[in-house]
Amino acid sequence: MLTLQQIRNEKEKVITGLLKRNMTKAEEIIENIISIDDKRKTTQTKLDQSLSEQNQYSKQIGQLFQQKKIEEANIMKEKVADLKRVSSTLEQDQRNIQLELETQLLSLGNVPHGSVPAGTSEDDNEVIKENTSDMPNLSDNALPHWDLAKKYNLIDFELGTKITGSGFPLYRGQGAKLQRALINFFLDQAEEAGYEEIIPPHLVNEDSAKATGQLPDKEGQMYHMSVDNLYLIPTAEVPITNIFRDIILKEEDMPIKVTGYTPCFRREAGSYGSDVKGLNRVHQFDKVEIIQVAHPKKSYTVLDEMVAHVEKLLVNLNLPYRILRLCGGDLGFTSALTYDFEVFSAAQQKWLEVSSVSNFETYQSNRLKLRYKSENGKKKLAHTLNGSALALARIVAALLENNQTEEGIKIPEILRPYTRFDFIK
RNA sequence: GGAGGAGUGGCAGAGCGGUUGAAUGCACUAGUCUUGAAAACUAGCAUACUUUAACGGGUAUCGGGGGUUCGAAUCCCUCCUCCUCCGCCA
């Protein structure tokens, strides 16, 4: 969530930023927020004055009682009663104003970074790098991953559907082992890059979902356990970032680097067609996430470092990939700058998104109340960043398709110590 | 799930319903002393909002929410968390 300070101090920048997100009424909305906030301030002042008077009277009443001046005390009590009526209406007003302010603020996405290109859809994303040196030469009868999965008995989509429903694949045999191998490989790589490994809870409460911005924005995307009011995590970002809720760091604590593997659960309501075939879009998938808390001055260096980390994973897996800088229209609500990674899944001739690396600047930390004490002792919001490193399901899709041969599916060198087999047969 | 107990500042730990934003100790910061350090001494040390050019002032906060009262850390209700015992269980 943007801070009021940001909105007031950098009004023009915020407006142009929101326009880049195609929020056409940005100026109007911002002006409205400022006027609501003005109202909030004046109401607060009036309320405080009224309460202050009440407090003074109460002290006097106490003294009068001690001096046994009951009559005078009773007169004063009536004055307080009047003041209370005033303050309770003011309080109600203030509550409504604050609620209104909050909903207005929640409707604003993050201000995009200067390098974010204008645009309305994914077609306007900027391809900043394309590395197809590992592009396979597949024969005409190459199979898409869902057929390969069946042929080699790696994934049973029908069984998953039987047990749970569509979009819940069941991995088995070498398919299951490949999952485990990838998870371990990714975690080891993250550890080598200095990230602390975490296994967080896979369900989160409402506060946590709010703090990272899933609520109220993506309410329908999460599975909700109404009995206990808990949500299945859509990404490890939610529980891991919430480690830092209500925290004040020392400046030298940063950067903090945390990684974690979790399954991710997404309802993906409303998506159908070829996009959801096989592993392309599922309700449950595995992902290793990397997260950093960084000093505002260094967060973009950190972002580059994270992008490099993800890129290295893809190079190591010998997958053709490209890196996109998301345009204003495609940029996630909470992000200031996002790089998406896509791998080419050669049999279905499709680019599949496998990672999204973002700098949220202070947008998340504002809601998290994640701050650090700067040199002069002032508390400032830290920057948060995260990225997938990597999301498994689609990586598996690309690996299966791209590495299919007459003899079976070839496992990339780097994974062999993890799978302990060279071929899927 | 049942019975009991507890939740106060960074930590420990006081707190008759009325100068208690909160004693005291530790920790922390600055200073004095010292060649330096330690010790000792002195002072400072919560957060948020609001007001002010500034000094400063005001309001709220003692697990969360609500209530009683002129006045609540202190009384009542409710929820949460932790501890002890019992039950169940990977």
Side-chain angles (χ1 to χ4, degrees), chain A residues 1-9 33-106 199-211 215 224-231 239 242-254 256 263 362 365-382:
Chain A
M1 182 159 74
L2 297 179
T3 64
L4 281 161
Q5 206 181 10
Q6 246 174 312
I7 291 171
R8 297 193 98 108
N9 297 347
I33 286 175
I34 291 174
S35 80
I36 295 171
D37 190 44
D38 287 339
K39 207 156 65 180
R40 187 194 115 252
K41 286 185 177 186
T42 53
T43 310
Q44 185 67 51
T45 309
K46 281 191 217 161
L47 176 61
D48 285 353
Q49 274 167 2
S50 171
L51 289 173
S52 172
E53 280 183 59
Q54 286 176 48
N55 286 340
Q56 281 174 20
Y57 279 127
S58 293
K59 273 181 194 165
Q60 290 177 29
I61 290 169
Q63 286 167 2
L64 289 173
F65 269 119
Q66 273 165 7
Q67 296 162 16
K68 308 276 190 225
K69 297 180 180 169
I70 311 294
E71 284 294 313
E72 289 177 51
N74 284 334
I75 292 166
M76 219 166 252
K77 273 194 194 180
E78 281 173 34
K79 285 190 187 174
V80 176
D82 288 341
L83 281 168
K84 271 184 111 172
R85 274 189 284 276
V86 174
S87 58
S88 79
T89 43
L90 282 171
E91 217 164 275
Q92 191 54 50
D93 289 351
Q94 185 68 332
R95 208 171 293 178
N96 292 336
I97 290 166
Q98 251 154 357
L99 216 68
E100 174 63 11
L101 193 58
E102 170 108 349
T103 49
Q104 289 294 321
L105 285 173
L106 286 176
I199 301 179
H202 296 172
L203 282 85
V204 293
N205 60 30
E206 211 178 324
D207 284 345
S208 294
K210 275 185 186 158
L215 291 177
H224 182 220
M225 312 281 177
S226 57
V227 244
D228 297 302
N229 197 23
L230 296 172
Y231 294 85
N242 269 282
I243 293 171
F244 305 104
R245 175 148 49 91
D246 293 318
I247 292 281
I248 297 173
L249 300 166
K250 293 191 199 113
E251 205 155 9
E252 61 267 26
D253 291 340
M254 295 178 286
I256 299 178
T362 60
S365 56
N366 183 32
R367 276 218 245 180
L368 285 167
K369 296 208 193 72
L370 165 56
R371 292 165 296 175
Y372 67 94
K373 221 173 223 175
S374 65
E375 268 179 56
N376 57 19
K378 285 239 164 113
K379 291 176 191 70
K380 293 185 179 168
L381 293 170

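Order of the sequence lines sets the chain letters (A, B, ...), proteins ahead of strands, with each chain counted from 1. When reading the values below, keep in mind they use all heavy atoms of this one structure, side chains included, and skip hydrogens, waters and symmetry mates.
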Using the [atom1] atom in both, what is the distance from [N] to [M], to the nearest Å?
{"N": "B/rA46", "M": "B/rA22", "atom1": "C1'", "value": "11 Å"}
{"N": "B/rU81", "M": "B/rG64", "atom1": "P", "value": "15 Å"}
{"N": "B/rA14", "M": "B/rC26", "atom1": "C1'", "value": "15 Å"}
{"N": "B/rU59", "M": "B/rA3", "atom1": "P", "value": "43 Å"}
{"N": "B/rU68", "M": "B/rC16", "atom1": "P", "value": "25 Å"}
{"N": "B/rU61", "M": "B/rA72", "atom1": "P", "value": "8 Å"}
{"N": "B/rA27", "M": "B/rA12", "atom1": "C1'", "value": "10 Å"}
{"N": "B/rA73", "M": "B/rG9", "atom1": "C1'", "value": "13 Å"}

Task: Nearest-nucleotide 5' precedence on RNA chain B, A/Gln44 against A/Glu53 - done: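 Whichever sits nearer the 5' end wins; that is A/Gln44.
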Open item on the list: If you assign each of A/Gln49 and A/Gln94 to its closest nucleotide in RNA chain B, which residue comes earlier from the 5' end?
Closed with: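 On the 5' side of the pair lies A/Gln94.
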Open item on the list: Among A/Lys84, A/Lys79, A/Arg85, which residue satisfies the salt bridge (Lys or Arg N to Asp or Glu O under 4.0 Å) criterion with A/Asp82?
Closed with: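 Answer to the salt bridge (Lys or Arg N to Asp or Glu O under 4.0 Å) test with A/Asp82 among A/Lys84, A/Lys79, A/Arg85: A/Arg85.
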Nucleotide [N], atom [atom2] - distance to [atom1] of [X] in whole Å:
{"X": "A/Gln54", "N": "B/rU69", "atom1": "CD", "atom2": "C1'", "answer": "12 Å"}
{"X": "A/Arg95", "N": "B/rU59", "atom1": "CZ", "atom2": "C1'", "answer": "15 Å"}
{"X": "A/Glu91", "N": "B/rG67", "atom1": "CD", "atom2": "P", "answer": "9 Å"}
{"X": "A/Lys59", "N": "B/rU69", "atom1": "NZ", "atom2": "C1'", "answer": "17 Å"}
{"X": "A/Lys69", "N": "B/rC70", "atom1": "NZ", "atom2": "C1'", "answer": "17 Å"}
{"X": "A/Tyr57", "N": "B/rU59", "atom1": "OH", "atom2": "P", "answer": "14 Å"}
{"X": "A/Gln5", "N": "B/rC49", "atom1": "CD", "atom2": "P", "answer": "9 Å"}
{"X": "A/Lys250", "N": "B/rG10", "atom1": "NZ", "atom2": "C1'", "answer": "10 Å"}

Who does [N] pair with, Watson-Crick or G-U, both distances under 3.5 Å?
{"N": "B/rC41", "value": "B/rG31"}
{"N": "B/rC16", "value": "none"}
{"N": "B/rA53", "value": "none"}
{"N": "B/rC26", "value": "B/rG10"}
{"N": "B/rU84", "value": "B/rA3"}
{"N": "B/rU61", "value": "B/rA46"}
{"N": "B/rA73", "value": "none"}

Considering residues, nucleotides and ligands other than [X], do more than 12 of their heavy atoms fall under 6.0 Å from its [atom1]?
{"X": "A/Gln92", "atom1": "CD", "result": "yes"}
{"X": "A/Ile34", "atom1": "CD1", "result": "yes"}
{"X": "A/Glu252", "atom1": "CD", "result": "yes"}
{"X": "A/Glu251", "atom1": "CD", "result": "yes"}

Given [N], is OP1 or OP2 found less than 4.0 Å from the side-chain N or O atoms of [X]?
{"X": "A/Asn55", "N": "B/rG18", "answer": "no"}
{"X": "A/Thr45", "N": "B/rU50", "answer": "no"}
{"X": "A/Asn74", "N": "B/rC70", "answer": "no"}

Heavy-atom donor-acceptor pair, [X] side chain to [Y] backbone, under 3.5 Å:
{"X": "A/Ser58", "Y": "A/Gln54", "value": "yes"}
{"X": "A/Arg367", "Y": "A/Lys210", "value": "yes"}
{"X": "A/Ser87", "Y": "A/Leu51", "value": "no"}

Nearest-nucleotide pick for [X], side chain only, options being [options]:
{"X": "A/Arg40", "options": "B/rU50, B/rG58, B/rC70", "result": "B/rU50"}
{"X": "A/Lys77", "options": "B/rA60, B/rC70, B/rG58", "result": "B/rC70"}
{"X": "A/Lys41", "options": "B/rU51, B/rA60, B/rC49", "result": "B/rU51"}

TODO: Evaluate side chain to side chain donor-acceptor pair (under 3.5 Å) for A/Glu102 paired with A/Gln98, printing each intermediate quantity in order.
DONE: CA-CA 6 Å; A/Glu102 170 108 349; A/Gln98 251 154 357; over 6 Å; no
- [ ] Could you go through the salt bridge (Lys or Arg N to Asp or Glu O under 4.0 Å) check for A/Asp38 and A/Arg8 one step at a time?
- [x] CA-CA 11 Å; A/Asp38 287 339; A/Arg8 297 193 98 108; 2.5 Å; yes
Between the protein and nucleotides 44-48 of chain B, list the N/O to N/O atom pairs that are separated by less than 3.5 angstrom.
residue: B/rU47; atom: OP1; partner: A/Lys379; partner atom: NZ; Å: 2.6
residue: B/rA48; atom: OP1; partner: A/Arg371; partner atom: NH1; Å: 3.0

